Amino acid sequence: MKFTPAKPLSVSLLLLLFLSTTTYAHNITKILAKHPEFSTFNHYLTVTHLAAEINRRQTITVCAIDNAAMNVLLEKHLPTYTLKNVLSLHVFADYFGAKKLHQITKGSTLTATMFQATGEAPGTSGYINITNMKGGKVGFANEDNDGHFAATFVKSVLEMPYNISVIQISHILTSPAAEAPVAAPSDLNVTTLMAKQGCKAFSDLLEAHPDVAKTYAENVQSGLTVFCPTDGVISAFMPKFKNLTKDGKASLLLYHGIPVYNSMGMLKSNNGLMNTLATEGKNKYDFTVQNDGDDVKLETKVVTVTISGTLYDEEPLSVYKVDKVLLPRELFKEVAEEPAPAPKGSKKKKKSKKGDEEDVVDDSAPEPSPEDDEDPADDSANLNWATSMKSAGWLVTVVLSIICVTII
């Protein structure tokens, strides 16, 4: 059957429709990691679990704050669960790129934030007023802040219309409602729990570092997974631990916690890179979770650790015993994994003293490839893309069916 001019056009339009409706996942942690001036803001998005919530949303704007502005907020010493409400004011449930910000209808608009979405924001305290001001500036103010514009637009960091926009604003957005005291988490003492279950040495190290112990405690309510080296493991590791700097010791201890709850079943099904309590900016402090039969292993590029038992597993907290100390590559770069066995070399001809040729095996290792040193975190973008394409599989089926009908 011959095509009429309209039919190829219909097929083309359907293909364009398919391409335009395919969505791509975003990862706010990876986006901000490319900009060290936002490392503190990025760190607390992870600690408060806002990063995961941002990544789940389809249309969103994140107002990033540089490290200097974040320090002003941190000087208030807000608990993690209160800090989350304040940072939630910086995440809008709508898309605002630079062009849209400067072309707001009637010069002003109200937009809902993730703080409003929590249901804990009284009245209109979860809304932000965005207004075009004199001199081409764009101002941001909390709706219950008496019209005072606390921050202005600085620049666009990343725009993926109309999925996610990341912009920089000059100052923190806050309100009395967001900073209001939040109910304390349940009375579950992580260090006491570990001390009673064969991890007293690790528990004692946390107690000896109050800031670290506080971070662990503050994450219990919103979700926490701890990998606890047993007493014998810690005892053997202490000489290396004592050689670390004060910050290094804190980072190592934080590296054994993930700011999200994971049951054993979740660990087995969610293989891949995991951020930790120590993750901040360029200091990735991540490791890979990988199944090995019935075992779950944690791979850091320096050491491979196996989960040897469960101390506690009741949402929002899980604590697992591990057979080695997790060594982050940021602190132990000089430690190398055992090299893989050299591949069998090809036989080469070698002349003997008599002039005859003998078969000799060349045991020399092949030249290393530059790709061998690539960071596994860079693969996550490809993984996100693949996941998005898989989720659009049903659309492919529908489009192809329509194309077939159109052709016939």
Side-chain angles (χ1 to χ4, degrees), residues 23-35 38-65 70 79-93 95 112-120 126 157-158 160 163-166 178 182 185 215-216 218-227 254-255 257-263 265-281 283-289 298 315-318 376-377 379-381 383-388 391:
T23 59
Y24 298 88
H26 54 259
N27 186 319
I28 187 61
T29 303
K30 286 180 65 67
I31 292 170
L32 293 176
K34 298 177 181 178
H35 305 272
F38 303 128
S39 61
T40 305
F41 179 74
N42 195 16
H43 171 66
Y44 283 99
L45 287 184
T46 298
V47 169
T48 59
H49 305 281
L50 275 173
E53 295 180 28
I54 290 169
N55 292 341
R56 285 197 295 266
R57 291 181 176 260
Q58 293 294 323
T59 303
I60 203 162
T61 300
V62 179
C63 299
I65 307 297
M70 277 295 296
T80 301
Y81 29 93
T82 302
L83 186 61
K84 179 178 182 178
N85 284 344
V86 176
L87 294 181
S88 294
L89 286 171
H90 298 73
V91 186
F92 304 159
Y95 182 90
T113 67
M114 286 185 68
F115 180 45
Q116 182 68 28
T118 63
E120 299 178 6
V157 178
L158 175 77
M160 295 171 58
N163 184 8
I164 182 172
S165 172
V166 181
V182 180
T215 300
Y216 272 79
E218 289 179 346
N219 275 273
V220 172
Q221 183 187 39
S222 52
L224 178 66
T225 302
V226 182
F227 300 101
L254 290 170
Y255 189 59
I258 295 177
V260 65
Y261 166 77
N262 282 278
S263 66
M266 293 167 70
L267 288 173
K268 288 184 177 181
S269 61
N270 295 334
N271 283 191
L273 283 175
M274 292 280 185
N275 285 337
T276 67
L277 294 175
T279 300
E280 182 175 2
N283 295 321
K284 294 181 179 179
Y285 281 102
D286 54 22
F287 55 75
T288 301
V289 177
L298 315 176
E315 196 169 3
L317 174 66
S318 56
D379 293 336
S380 60
L383 180 59
N384 285 339
W385 182 87
T387 302
S388 299
S391 65

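Keep in mind the model is a prediction, meaning the values are calculated, not measured. Below, each value reflects all heavy atoms present in this structure, side chains not excepted, and no hydrogens, waters or symmetry copies.
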With Thr276 via side-chain contact (heavy atoms from CB on, under 4.5 Å) - residues at least two apart:
Tyr255, Ala278, Thr279, Tyr285, Phe287

State, to 0.1 Å, how close Thr225 and Val260 come at their nearest heavy-atom pair, and which atoms those are.
OG1-O, 2.6 Å

Lys34: side-chain contact (heavy atoms from CB on, under 4.5 Å) partners, not counting sequence neighbours
none

Under 3.5 Å donor-acceptor, Asn275 side chain and Asp286 backbone
no

Minimum-distance pair of heavy atoms, taken over all atoms of Ala51 and Thr29
CB-OG1, 3.8 Å

Note, His26 side chain near Asn55 side chain (heavy atom, < 4.5 Å)
yes

Side-chain heavy atoms of Leu298 within contact of Val289, under 4.5 Å:
yes

To the nearest 0.5 Å, atom CD1 of Ile164 lies from atom CD1 of Ile54 at 7.0 Å

4.5 Å side-chain heavy-atom contact, Val91 and Glu53:
no

Contacts of Tyr261 that satisfy side chain to side chain donor-acceptor pair (under 3.5 Å) - sequence neighbours left out
Asp313

Minimum side-chain heavy-atom gap Arg57-Met114 below 4.5 Å
yes

How long is the span from the NE2 atom in His90 to the OG1 atom in Thr61, to the nearest 0.5 Å?
13.5 Å

Compare every heavy atom of Pro316 with every heavy atom of Val220, then report the nearest pair and how far apart it is.
O-CG, 2.9 Å

First locate atom OG of Ser318, then atom CE of Met266, and finally report the distance between them rounded to the nearest 0.5 Å.
8.0 Å

With sequence neighbours left out, write down each residue that passes side-chain contact (heavy atoms from CB on, under 4.5 Å) with Thr215, or none if nothing qualifies.
Asn219, Leu254, Leu277

Sequence neighbours excluded, the answer for side chain to side chain donor-acceptor pair (under 3.5 Å) partners of Thr48 is none

Would a 4.5 Å heavy-atom cut-off, applied to side chains only, mark Leu45 and Leu32 as touching?
yes

Measure the CD-OG1 distance between Glu218 and Thr80 for me, rounded to the nearest 0.5 Å.
3.5 Å

For the student: nearest non-hydrogen atoms of Ala178 and Leu89, plus distance:
CB-CD1, 3.8 Å

Indicate yes or no: at least one non-hydrogen side-chain atom of Phe41 is less than 4.5 angstrom from one of Leu87.
yes

Ser88 to Lys84 - nearest heavy-atom pair and separation:
OG-O, 2.7 Å

So do the side chains of Phe38 and Val157 get within less than 4.5 Å of each other, counting heavy atoms only?
yes

By side chain to side chain donor-acceptor pair (under 3.5 Å) - contacts of Ser222 (at least two apart):
His49

From CG (Leu273) to NZ (Lys30), nearest 0.5 Å:
8.0 Å

To the nearest 0.5 Å, tell me how far Thr59 OG1 sits from Tyr95 OH.
10.0 Å

